[in-house]
Amino acid sequence: MCGRYSLRATGEELTERFGADGVGFEPTYNAAPGQSLPVVREEERRSLDLLDWGLVPSWSDDADGYINARSETVAEKPSFAEAYEGRRCLVPVDGFYEWDDDPYYVGFERVAGLAGIWERRVPDRRQSGLDEFGGEGDGQEVQETFAILTTEPNEQVARLHHRMAAVLAPEEEDGWLDGSLTADELDPRDEPATVRRVSERVNDPSNDDPSLVEGM
DNA sequence: CCAGACGTTGTT
DNA sequence: GTCTGG
DNA sequence: CCAGACGTTGTT
DNA sequence: GTCTGG
């Protein structure tokens, strides 16, 4: 689960909610893999930054990443272990979409933080062979990416799907960021939500407007 | 030792 | 980079 | 997650 | 059917 979500909040509202340094962001009703989306990180300071959805391991040669990581195995998988150890993040969402043939929207009553991990990849310039042309526009930029952890679903989501994004309780957010909360402590949280069937217009990621989250 | 994979989802 | 398979 | 492309030659 | 792009 969790290959599409909504975040109806501005960058300003998110920095307030998560106590983070800010970055500009406009609400979205259809956040999709590959897009640049806001996550909360805690390095020197707590910051809200735009990262690409789809974690690419630092050693990976290709550009496409993993949008989800199983909480049951994230600590051991070579692709995720380093990020799990030292690069946690919160992924702000206020609802997500789930497909059971037809699309459904699971809408929260507030902005919640999903358990995420992130990675930084510095491309090997020696392999690009394009430096002699000035390095402009060769696409060899530092790439920061993230993945959302999954667990078994809660009772409400189980009717639609057998996996669910890991929703943190507000009091768990600090522990997730600093590593004291482990992945096996994540459990299907009964975050208050309404579930409704929505229009198939959500299928096309280029559609992004308030009517997407409205019931039919 | 080197070569090759390294992931999730869902579907079969 | 690190683990698995041969 | 779904939608949409899936190619070459030559020219700009 | 499978890969890429959003």
Side-chain angles (χ1 to χ4, degrees), chain A residues 1-7 25-39 50-87 91-107 114-124 126-127 133 137 139 141-154 157-167 183-184 186 188 195-209 211-213:
Chain A
M1 171 292 131
C2 220
R4 216 72 79 75
Y5 63 82
S6 68
L7 180 55
F25 178 73
E26 290 303 311
T28 177
Y29 301 85
N30 202 355
Q35 292 179 356
S36 186
L37 295 161
V39 305
L50 298 176
L51 273 63
D52 296 334
W53 187 7
L55 185 148
V56 179
S58 58
W59 41 262
S60 177
D61 284 333
D62 47 32
D64 60 314
Y66 307 118
I67 66 173
N68 295 130
R70 293 177 65 92
S71 59
E72 297 91 334
T73 55
V74 64
E76 303 128 36
K77 296 292 183 183
S79 294
F80 301 136
E82 275 185 52
Y84 173 72
E85 285 303 319
R87 286 184 290 279
V91 184
V93 309
D94 65 3
F96 57 80
Y97 296 96
E98 197 67 76
W99 279 261
D100 183 17
D101 293 332
D102 301 316
Y104 292 81
Y105 179 65
V106 179
L114 304 182
I117 56 178
W118 65 276
E119 187 57 84
R120 176 181 287 128
R121 179 165 167 264
V122 180
D124 186 350
R126 288 169 301 182
Q127 291 179 348
F133 295 109
E141 291 155 16
V142 173
Q143 179 187 38
E144 293 188 321
T145 56
F146 72 95
I148 295 169
L149 274 72
T150 62
T151 65
E152 302 205 317
N154 62 28
V157 172
R159 296 164 48 209
L160 302 174
H161 214 67
H162 67 102
R163 298 296 292 174
M164 186 178 82
V167 183
D184 59 15
L186 298 172
V195 179
R196 49 185 181 264
R197 171 74 209 283
V198 294
S199 164
E200 287 172 10
R201 290 188 310 104
V202 74
N203 291 3
D204 186 339
S206 69
N207 290 326
D208 183 7
D209 63 79
S211 70
L212 296 180
V213 303

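Bear in mind that the values here come from a model prediction, so they are computed numbers and not experimental data. Numbers restart at 1 for each chain; the letters A, B, ... are given by sequence-line order, proteins then strands.
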Once you apply a heavy-atom cut-off of 4.0 Å, does [X] come out as touching a base, just sugar-phosphate, or nothing?
X	result
Ser58(A)	nothing
Phe80(A)	sugar-phosphate
Ala69(A)	sugar-phosphate

Query raised in the report: For the atom pair CZ (Arg201(A)) and CG (Asn30(A)), what is the distance rounded to the nearest 0.5 Å?
Result: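 Between Arg201(A) CZ and Asn30(A) CG, I get 10.0 Å after rounding to 0.5 Å.
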Query raised in the report: In Å and rounded to the nearest 0.5 Å, what is the CG to OH distance from Leu212(A) to Tyr97(A)?
Result: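 Output value for this atom pair is 4.5 Å.
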Please check: side-chain N/O of [X] versus main-chain N/O of [Y], any donor-acceptor pairing under 3.5 Å?
X	Y	result
Tyr84(A)	Ala183(A)	yes
Arg196(A)	Val213(A)	yes
Ser58(A)	Arg121(A)	no

Say you pick atom [atom1] in [N] and the same atom in [M]; how far apart are they, in whole Å?
N	M	atom1	result
dT12(B)	dG1(E)	C1'	14 Å
dT9(B)	dC2(D)	P	13 Å
dT2(E)	dG7(D)	P	15 Å

Report task. Give a yes-or-no answer on whether the side chains of Asp52(A) and Thr145(A) include a donor-acceptor pair shorter than 3.5 Å. Result ->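 There is no such pair (donor and acceptor under 3.5 Å, judged by atom type) between the side chains of Asp52(A) and Thr145(A).
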Return the value, rounded to whole Å, for the distance between atom [atom1] of [X] and atom [atom2] of [N].
X	N	atom1	atom2	result
Glu82(A)	dG7(B)	CD	P	13 Å
Leu212(A)	dC1(D)	CG	C1'	14 Å
Arg163(A)	dT11(B)	CZ	P	15 Å
Phe96(A)	dT8(B)	CZ	C1'	16 Å
Arg121(A)	dG1(C)	CZ	P	13 Å

Report summary line: For Ala166(A) and Leu186(A), the nearest pair of non-hydrogen atoms, with its separation, is CB-CD1, 4.1 Å
Requested in this report: Indicate the atoms forming the closest heavy-atom contact of Pro33(A) with Ile67(A), along with that distance.
Outcome: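 Closest approach of Pro33(A) to Ile67(A): CB-CG2, 3.7 Å.
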Report summary line: Annotated structure of DNA chain D as dot-bracket, pair cut-off 3.5 Å, Watson-Crick or G-U only, | for inter-strand, is ||||||......
Query raised in the report: Given dT9(B), is OP1 or OP2 found less than 4.0 Å from the side-chain N or O atoms of Thr150(A)?
Result: yes
Query - Test: Arg163(A) and Glu72(A) ion pair at under 4.0 Å - result: yes
Query raised in the report: So does Asp100(A) pair up with Arg159(A), basic N to acidic O under 4.0 Å?
Result: no
Please tabulate the protein-to-nucleotide N/O contacts below 3.5 Å involving nucleotides 2-6 of chain B, giving atom names and distances.
unit_1 : atom_1 : unit_2   : atom_2 : d
dC6(B) : O3'    : Ser79(A) : OG     : 3.2

Query - Pairwise side-chain contact, Glu82(A) with Pro57(A), heavy-atom cut-off 4.5 Å (strictly under) - result: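 The answer is no; the side chains never approach within 4.5 Å.
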Any N/O pairs under 3.5 Å between the protein and nucleotides 2-6 of chain E? List them or say none.
unit_1 : atom_1 : unit_2   : atom_2 : d
dG6(E) : N7     : Pro33(A) : O      : 3.1

